[in-house]
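Convention: sequence-line order gives letters A, B, ...; per-chain numbering from 1.
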Amino acid sequence: MDGDGEELTAQETALYDRQIRVWGADAQRRLSKAHVLVYGMKGTISEFCKNIVLAGVGSLTLIDDRLVTEEVLSSNFLIPPDEDVYGGKTIAELCCDSLKDFNPMVRVFVEKGDLSSFDVEFFSKFDVVVVSCCSRSAKKLANEKCRKASKRVAFYTVDCRDSSGEIFVDLQDYKYSKKKNEETIECHLKYPSFEDALSVPWRAFHRRMSKLYFAMRVIEKFEEAEGRSAGDVSEADLSNVLKLKKELCTAQSLNESHVPDTLLERLVADTTEFPPVCAVIGGILGQEVIKAISGKGDPIKNFFYFDASDGKGVIEDISDSNAGK
Amino acid sequence: MASASSPVIKDAKVLMVGAGGIGCELLKTLALSGFSDIHIIDMDTIEVSNLNRQFLFRQSHVGQSKAKVARDAVLKFRPKINITSYHANVKDPDFDVDFFKEFNVVLNGLDNLDARRHVNRLCLAADVPLVESGTTGFLGQVTVHVKGRTECYECQPKPAPKTYPVCTITSTPSKFVHCIVWAKELLFSKLFGDKNQDNDLNVRSSDAASSSKNVDDIFEHNNDEDITQYGRRIFDHVFGYNIELALSNEETWKNRNRPKPIYSKDVLSDDFAKQNGNLDNDNACSDGLSVSAMSSLGMKNPQDVWSLRENSRILLEALRLFFTKREKEIGNLSFDKDDQLAVEFVTAAANIRAASFGIPLHSLFEAKGIAGNIVHAVATTNAVIAGLIVIEAIKVLKNDVNKYRMTYCLEHPSRNLLLMPVEPFEPNKSCYVCSESPVLLEINTNRSKLKDVVEKIIKAKLGMNLPLIMNASNLLYEAGDIEEDMVAIYDANLEKVLAELPSPVTGGTMLTVEDFQQELKCNINIKHREEFDEEKEPDGMVLSGWTQPASAEETKDKSVSNGANTSDAPTAAESENDDDIGIVSPVKKRKLPDDSNKPNTDDAKHQKQLQVIDDEDDLVMLDGNLDGFKKRRVS
Ligand SMILES: [Zn+2]
């Protein structure tokens with residue numbers, strides 16, 4: 001046993017019995033010392049928070065200063081639909097109340113502020129940072145700050161639109177060991193930053209690259225160019241989105257068939273999350289964060305896509321080292 | 001897909017079976033997705049070890065009905081929908097074909113093969129689509145079963161529960177699991193269980209004069225006997241004397257390591273008795289299940305592997321506590337993984353036996369997992385699987401037949417897929433459940449009794465609940481609510497060998513077996529066979545007839561270790577086809593039920609073979625036959 005030798009309490013062993021059987025007591029100890037930050041609490045993040053609170057992380061900090069709306073209620077099971085309860089409270093505060101209840105051994109906190117207002121020192125307090133529902137530049141900026149922290153801060157972005165979702169992972173320099181046929185193999189993965197991954201030229205990709213990757217980039221770019229907040233698009237924007245797609249494909253020398261109009265139409269027309277997809281993406285993300293904290297299991301490098309319309313959950317490696325593959 | 005306001009979702013009446021790991025996630029996701037008429041059945045109550053993933057439950061709910069608490073919890077964030085909970089067994093006669101017919105789709109989040117088969121049959125009889133699911137650790141799967149369109153849950157035979165030959169358990173253990181089975185099924189039952197039950201503890205080899213009465217007396221506690229003395233006497237008998245006796249049978253040890261007899265005086269100091277005498281006060285405030293030998297000996301960490309001496313102290317202390325604190329239960333106990341004292345006793349006994357046979361010792365935590373057949377479970381996999389169930393359920397409700405998929409959640413990606421959809425198979429034409437295809441039973445009709453056929457084949461293998469048996473037009477047996485005079489006739493029939501029944505059953509006879517609750521009828525062709533291999537065919541009969549895929553046959557021979565094999569990586573198969581969903585990796589046979597997998601103790605009682613439901617058992621799985629796959633896919 002490595003770690004610092006602190007033993008799990010009898011209470012922890014009883015509560016976490018089934019999962020210790022999956023990842024071991026040592027991994028459980030590491031989980032109980034990890035600090036996780038999430039920004040932007042829609043349905044997928046709520047699923048994720050539930051999963052890691054149940055898994056028993058040390059602490060979870062929530063940021064989302066918005067007030068409750070109909071749309072928020074529709075996909076979030078952490079907020080009771082009772083105005084007497086939710087009136088005057090922020091989404092993060094409401095989710096915090098529910099999450100605390102899921103596992104008394106996990107500390108849940110609320111922070112306030114815009115993502116861009118937090119500095120490197122703030123991010124350094126966490127082992128894992130997950131951001132959602134924010135612009136491409138805000139994601140880039142947060143990712144850069146995490147990379148400047150003195151210790152490694154695992155960084156994730158997650159977003160769901162209609163019946164599909166995307167996860168981005170940056171574990172920087174990540175070493176872990178795994179057992180293969182009795183032998184222990186040391187593995188070393190080098191992750192690109194969000195910015196570097198996005199700057200990999202499209203023509204460098206293998207030809208079966210997930211179409212969702214392109215579609216997400218087109219919509220993200222559209223929102224940024226129009227000065228919209230994340231997810232603020234509608235059917236009325238479709239023709240402009242399609243125009244942008246054409247431009248991007250030309251600039252990247254990518255055949256337009258890789259970004260079907262029907263797919264963009266779906267993602268633009270219905271930006272509300274589809275709860276089963278939130279469960280799937282929130283589950284996969286939870287699993288990934290648990291892997292990164294515990295050092296057990298092969299982590300995703302570096303994008304994950306799920307689309308309910310074909311049912312596939314695909315990993316795509318988009319990094320310089322992988323370009324040309 | 002379909003939005004929450006879609007009538008397909010809002011008007012659907014959905015039956016969920018199971019409110020455990022998958023069930024909690026599923027109920028939440030259904031409610032969020034807009035389902036507003038959900039019925040949920042679960043017979044279980046909430047336990048502490050559920051709380052790490054069954055997120056609708058809290059510490060204060062321990063002991064309450066899962067179905068009811070889950071309902072109340074979901075109504076808190078979706079107060080306007082209708083959820084009906086049933087704290088009941090899905091096999092109860094109330095849940096009959098008419099009940100199932102009320103639903104548009106049935107969603108399973110079950111933890112055992114028995115109930116899954118039962119629900120499969122009712123769904124077929126009621127012609128209601130079934131979405132079936134299971135998880136183990138990071139692995140999971142969702143399958144769709146629609147009568148006449150896709151295969152049913154039982155179209156591919158499920159591997160039988162792992163059983164161990166009696167002599168491996170009683171005389172020649174080579175793995176820790178053998179020691180666990182011995183400690184649990186033999187020693188524990190002998191000391192604390194039903195005295196009238198058959199027990200092989202003293203059967204060492206066919207020539208030992210072991211059936212004599214005085215051997216049994218060894219295990220009896222005389223009223224005036226000091227409990228510590230009694231414990232040491234049992235210890236010396238089972239770990240010392242019995243091993244010496246076994247060693248005398250030279251033939252057995254020709255190609256095996258000889259075990260070492262262990263006597264209590266060798267491992268425990270003489271002042272042990274004195275020490276133990278002072279322990280009573282520590283357990284002053286103990287109520288039944290919280291009595292613990294570990295706590296009275298000051299041992300805290302269940303992850304520690306105890307020394308032989310520590311195991312011996314635990315064993316004697318646990319035995320003492322049973323006789324002093326839980327005396328009333330003795331004679332009625334059966335092993336329960338949630339009974340701390342029972343787990344301590346079994347761990348210690350298994351470890352002492354393991355030490356004797358040169359097998360590595362294990363911690364209580366590990367031993368409990370093996371003895372309790374505890375299935376590894378995490379919240380994330382359950383959440384993913386629940387999401388996939390809802391996606392399939394919506395397709396089924398929209399009758400989107402061409403989009404039905406079986407989906408596998410993998411631990412290691414296969415061709416960069418972590419979630420792998422596969423087109424469903426066509427029904428298996430020789431499936432005895434959905435295709436009325438007959439099965440073949442090889443049996444010695446001059447030796448086997450009707451009772452054996454009922455217990456070992458019709459109930460255990462064909463999974464019927466309340467069978468009725470006909471030979472041509474003659475009724476041989478009927479279970480359930482029947483008239484008294486008939487009960488006597490049927491009871492007499494059960495004790496008769498097949499060839500001597502009122503209408504004799506011999507080679508060439510075709511029996512018809514029917515279960516009215518499951519609306520399942522099956523024909524059994526009888527083939528007479530004189531001899532059976534005691535080791536390989538311990539039932540003394542062999543059932544075959546539904547198609548066994550070649551690869552399934554292969555995996556049957558490999559015995560799989562009980563427990564830890566959950567991380568088998570499925571191997572990838574390349575396909576030329578570029579963009580096709582139907583590409584399939586041959587995923588190895590794996591088990592994927594969630595939650596504690598309760599061994600079927602009723603069956604175990606009737607079987608000579610010692611039974612441990614193995615981690616590898618109870619699942620639907622793809623097998624490695626890619627050809628078979630392609631052919632049988634629904635196009
Ligand atoms: Zn079938």
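With respect to chain A, the highest number of heavy-atom pairs below 4.5 Å among Glu366(B), Lys403(B), Lys368(B) belongs to Lys368(B). Most heavy-atom pairs under 4.5 Å with chain B: of the set Val53(A), Thr9(A), Val280(A), Val277(A), this distinction falls to Val280(A). Chain B forms the most heavy-atom pairs under 4.5 Å with one residue out of Ser75(A), Gly286(A), Gly297(A), Pro81(A), and that residue is Pro81(A).
Pairs of residues two or more places apart, or lying in two chains, never qualify as side-chain hydrogen bond (donor to acceptor under 3.5 Å, both in side chains) while including a residue from residues 275-286 of chain A. Applying the salt bridge (Lys or Arg N to Asp or Glu O under 4.0 Å) rule to pairs touching residues 375-387 of chain B yields nothing, sequence neighbours excluded.
Going from atom NE2 of His412(B) over to atom NZ of Lys178(A) covers 7.0 Å, rounded to the nearest 0.5 Å. Going from atom CG of Leu32(B) over to atom OG of Ser74(A) covers 8.5 Å, rounded to the nearest 0.5 Å. With values rounded to the nearest 0.5 angstrom, Phe274(A) atom CZ is found 6.0 Å from Ile391(B) atom CD1. Note that the CD atom of Glu316(A) and the CG atom of Asn416(B) stand 5.5 Å from one another [nearest 0.5 Å]. The CD atom of Glu25(B) lies 7.0 Å from the CZ atom of Phe77(A); values are rounded to the nearest 0.5 Å. Summarising the geometry, atom CZ belonging to Phe138(B) is positioned 7.0 Å from atom NZ belonging to Lys291(A); distances are rounded to the nearest 0.5 Å.
Counting only heavy atoms from C-beta outward, the side chains of Thr13(A) and Gln303(B) approach each other to under 4.5 Å. Contact annotation: the side chain of Phe306(A) approaches that of Leu388(B) to within less than 4.5 Å [non-hydrogen atoms, C-beta and beyond]. Using a 4.5 Å heavy-atom cutoff, the side chains of Leu418(B) and Val314(A) are not in contact.
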Run the numbers on Asn50(B) and Arg18(A) for side-chain contact (heavy atoms from CB on, under 4.5 Å), then give the verdict. CA-CA 8 Å; Asn50(B) 300 149; Arg18(A) 297 303 186 271; 5.6 Å; no

Leu419(B) vs Tyr305(A), side-chain contact (heavy atoms from CB on, under 4.5 Å): CA-CA, chis, key distance, verdict: CA-CA 10 Å; Leu419(B) 299 173; Tyr305(A) 292 94; over 6 Å; no

Decide yes or no on side-chain contact (heavy atoms from CB on, under 4.5 Å) for Val378(B) and Trp23(A), but give the supporting numbers first. CA-CA 9 Å; Val378(B) 284; Trp23(A) 52 60; 3.3 Å; yes

Test Asn52(B) against Leu54(A) for side-chain contact (heavy atoms from CB on, under 4.5 Å), laying out the working first. CA-CA 5 Å; Asn52(B) 80 315; Leu54(A) 291 174; 5.6 Å; no

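Heavy-atom minimum distance, Pro276(A) versus Ser33(B): CD-OG, 3.3 Å. Across all their heavy atoms, Ser49(B) and Asp17(A) have their closest contact at CB-CB, 4.4 Å. In terms of heavy-atom proximity, Val22(A) sits nearest to Gly137(B) at CG2-CA, 3.9 Å.
Under a 4.0 Å N-O distance rule, the pair Glu47(A)/Lys28(B) qualifies as a salt bridge.
Heavy-atom neighbours of chain B within the stretch residues 95-105 of chain A, taken at a separation under 4.5 angstrom, comprise Asp101(A), Phe102(A).
For Ile79(A), the part sitting under 4.5 Å from any heavy atom of chain B is the backbone (N, CA, C, O) and nothing else. Using a 4.5 Å cut-off between heavy atoms, Gln59(B) makes no contact with chain A at all. Interface remark: Phe304(A) contributes side-chain atoms only to the contact with chain B (heavy atom separation under 4.5 Å). Heavy atoms of Ile20(A) lying under 4.5 Å from chain B belong to its backbone as well as its side chain.
Judged by distance alone, with hydrogens and angles left aside, the side-chain atoms of Asn51(A) form no donor-acceptor pair with the main-chain N or O of Thr380(B) at under 3.5 Å.
Listed by chain and number, the residues in a ring-ring contact (aromatic ring centres under 6.0 Å, His included) with Phe365(B) amount to none (sequence neighbours excluded).
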